[in-house]
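One structure is given here, and the rest of the page talks about it.
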Amino acid sequence: MLDIKITLTDQPKPLPDPNKLVFGRTFTDHMFLMNYQTGEGWHDARIVPYGPLPFDLSCMVFHYAQEIFEGMKAYRTAEGRVQLFRPVENARRFQSSCERMCIPEIPEDDFVQAVKTLVSVDQRWVPDQVGTSLYIRPFTIATDNGLGVHASHSYLFAVICCPVGAYYPEGLNPVKIYVENDDVRAVKGGTGYTKCGGNYAASIRAGERAEEQGFSQVLWLDGVHRKYIEEVGSMNVMFKIAGKVVTPQLTGSVLPGITRKSCLELMRDWGFEVEERLISAEELFEAAENGTLEEAWGTGTAAVVSPIGLLAWGDKKVTVSGGQIGHLTQRLYDTLTGIQWGTEPDPYGWIVPVE
Ligand SMILES: *Cc1c(COP(=O)(O)O)cnc(C)c1O
């Protein structure tokens with residue numbers, strides 16, 4: 001158990017208009033902070049008023065990107081309760097990211113306690129309009145000052161939160177995606193399975209180019225063979241081909257998404273045959289051309305599921321599910337959001353209430 005010292009702000013901010021919430025712009029009244037020092041371990045767990053912190057410009061994180069993060073949400077039910085979705089999974093993935101990046105781990109219970117306590121202190125910020133939520137961003141940065149590549153001896157773990165609007169204010173809109181042939185997001189042996197800022201830095205150029213050409217995101221291929229599908233943008237990806245569900249296996253360069261895991265568990269429970277295996281772009285486009293590709297969608301905490309309506313690869317272009325959201329994609333969306341916002345029962349024990 002962390003001993004969290006709480007200092008409440010004497011200037012609580014007015015809540016933003018719940019109908020005009022923009023992702024990642026407005027942060028709540030407080031933040032969670034905790035420091036690490038070699039020899040001392042994690043210490044000084046505290047919740048303080050939200051605000052900027054001073055850093056020396058030689059601070060390690062700015063130069064060598066020893067940094068990891070998580071993304072999760074708190075949901076308000078119709079009865080007014082506030083709840084988290086599978087927070088222990090985020091805590092575990094955070095630990096696995098820590099290990100890869102030589103960052104000292106935080107015990108699972110402490111991670112969940114930090115998140116729960118901050119959300120509880122700032123619970124008036126969890127919006128109650130349909131589809132809205134409080135986005136939670138835990139992260140750790142290396143804070144040693146001075147240049148020179150080595151594992152830092154000091155770190156800051158922080159949690160910040162921002163209210164977010166409905167991802168689909170106008171209903172689930174299928175997106176256009178193309179296969180990225182030049183840039184790769186991650187390689188085996190690298191950091192693809194961690195949530196680190198560096199992975200995102202490497203992915204920005206492809207995302208920008210895709211947008212310039214009128215696509216929402218790219219379909220990433222593996223960095224070794226440039227052949228097998230890995231992810232879509234910063235989401236995991238799934239396909240329904242001839243009645244079976246196929247998703248790229250976790251090879252080390254694919255991020256193990258919690259939405260991915262939840263979708264696979266649901267579909268297996270519903271009796272679908274689900275395959276986690278290598279799937280090449282060639283196989284996917286063949287399936288699209290011979291009519292066996294029934295549905296395609298991305299999965300992630302922000303959107304839950306994102307239906308793919310059009311796939312392009314070089315000069316090939318194929319429409320998926322007639323450009324509409326497929327039945328299974330819709331069922332996954334309805335079930336997951338139902339559990340998250342408490343309008344459907346949670347037979348899996350995925351929901352953790354915030355007291
Ligand atoms: C966070 C993330 C995902 C989705 O993970 P969830 O736990 O489902 O939110 C997928 N791919 C990448 C690269 C990510 O960073």
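Any value given below was found using the heavy atoms of this structure, including those in side chains, with hydrogens, waters and symmetry copies removed. In listed order, ligands and their atoms are each counted from 1. For the single chain, residues carry numbers from 1 onward in sequence order.
When the side chains of ILVMFWY residues are joined at heavy-atom separations under 4.5 Å, either directly or via intervening members, Ile103 and Val112 end up in a single hydrophobic cluster.
Taking the ring axis of Trp341 as reference, the NZ or CZ atom of Arg76 does not stay both within 45° of it and closer than 6.0 Å to the ring centre.
Applying the salt bridge (Lys or Arg N to Asp or Glu O under 4.0 Å) test between Arg268 and each of Glu273, Glu276, Glu275 identifies Glu276 as the sole match.
Taking a 4.0 Å cut-off on heavy atoms, Ser234 registers as neighbouring ligand 1. Residue contacts with ligand 1: Arg93 is included, with a non-hydrogen atom under 4.0 Å away.
Contact between Leu21 and Pro16 at its shortest, heavy atoms only, is CD2-CG, 3.6 Å. Across all their heavy atoms, Val354 and Lys116 have their closest contact at CG1-O, 3.7 Å.
Among protein heavy atoms, atom 5 (O) of ligand 1 sits closest to Gly257 CA, 3.4 Å. Protein heavy atom nearest atom 11 (N) of ligand 1, with residue, atom name and distance: Glu231 OE1, 2.5 Å. Closest to atom 2 (C) of ligand 1 among all protein heavy atoms lies Lys195 NZ, 2.5 Å. Taking atom 9 (O) of ligand 1 as the reference point, the nearest protein heavy-atom neighbour is Thr301 OG1, 2.6 Å. In terms of protein heavy atoms, atom 13 (C) of ligand 1 is closest to Arg185 NH1, 3.2 Å. Given atom 8 (O) of ligand 1, the protein heavy atom at minimum distance is Thr259 OG1, 2.6 Å.
Proximity of Asn236 to ligand 1, defined as any heavy-atom pair under 4.0 Å, is shared by backbone and side chain alike.
If you number the atoms of ligand 1 from 1 as listed, the ones under 4.0 Å from a heavy atom of Tyr200 come out as 14 (C), 15 (O). Under a 4.0 Å criterion applied to the non-hydrogen atoms of Gly300, ligand 1 contributes the atoms 4 (C), 8 (O), 9 (O).
Distance check, rounded to the nearest 0.5 Å: CG of Leu156 to CG of Asn35 gives 5.5 Å.
For an aromatic pair to be called close, the ring centres must be under 6.0 Å apart, and Tyr333 with Tyr167 fails this.
Taking the six-membered ring where the residue is Trp, Phe111 and Phe94 present tilted rings, their angle falling between 30° and 60°.
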